[in-house]
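Remarks on the structure that follows.
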Amino acid sequence: PKNNAGALTLKATLNGAPITLDLPRLVVAPLYEVKGNITAADMRLEDLSGVLKKYLNPFSGAAGLQGEIAFVMDDSGMRVDYDGLVELQNGEIGGKGWATKGVINYHGKGAFEMAPGKMVVDVDGSLQAQKAAFDMPDPMIAIDNPEITINGKTTVTIGDEVIVDSGASL
């Protein structure tokens, strides 16, 4: 069919964690595409690591979400747009050449885009992080801080070089 999109409304638990999805747009072939609202509490990220391991490894911790999400993943990469609340407990997330961990509470808009050779993180909101760490060996970036608060817009592009464009207050 020309339009292979569907819709999904779901109220369930995922390995004991409550989750509510209201997705008026859902496509699973030839690419993954999801758009709608999500509410989740204490969701184990390890449960999603198999699908995301090509892009994010490790992908662990407990997450809570309440907001609007748009997700697209195909052979050329992935993109996630989100507007709402995010909580991450004992998170550990990484990819090729970078890793981050900590306890994070965020309210605002965010976008994460990953394609071969390039990663872009774009946020505009309020972030509080505890026991935060970020490591990237080349170019050498290491952040280890017991508490970080950031308010405002920041874009980080990681490719052949790292570019940080920020109007946020730290």
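Taking each heavy atom of A17 and A41 in turn, the nearest pair found is CB-O, 3.1 Å.
Counting non-hydrogen atoms of neighbouring residues, nucleotides and ligands closer than 6.0 angstrom, the CG atom of D42 reaches no more than 12 such neighbours. More than 12 heavy atoms of other residues, nucleotides or ligands sit less than 6.0 Å from atom NZ of K153.
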May I have the step-by-step check of side-chain contact (heavy atoms from CB on, under 4.5 Å) for M119 and F112, ending in yes or no?
-> CA-CA 8 Å; M119 179 178 75; F112 177 82; 3.5 Å; yes

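There is a side-chain donor-acceptor pair under 3.5 Å between N151 and S126. Judged purely by distance below 3.5 Å, without hydrogens or angles, the side chains of S166 and T154 pair a donor atom with an acceptor atom.
In this structure the side chain of T20 never reaches within 4.5 angstrom of the side chain of T9, judged on heavy atoms. The shortest distance between side-chain heavy atoms of L21 and N37 does not fall below 4.5 Å. Taking the side chain as every heavy atom from C-beta outward, Q128 and I104 never approach each other to under 4.5 Å. Side-chain contact check for Y106 versus L85: every heavy-atom pair is 4.5 Å or farther apart.
For the atom pair M114 CE and L52 CG, the distance stands at 10.5 Å (nearest 0.5 Å).
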Contacts under 3.5 angstrom, residues 61-77 side chains, donor-acceptor by atom type, not counting sequence neighbours:
residue, atom, partner, partner atom, Å
D74, OD1, S76, N, 2.9
D74, OD1, S76, OG, 2.6
D74, OD1, G77, N, 3.3

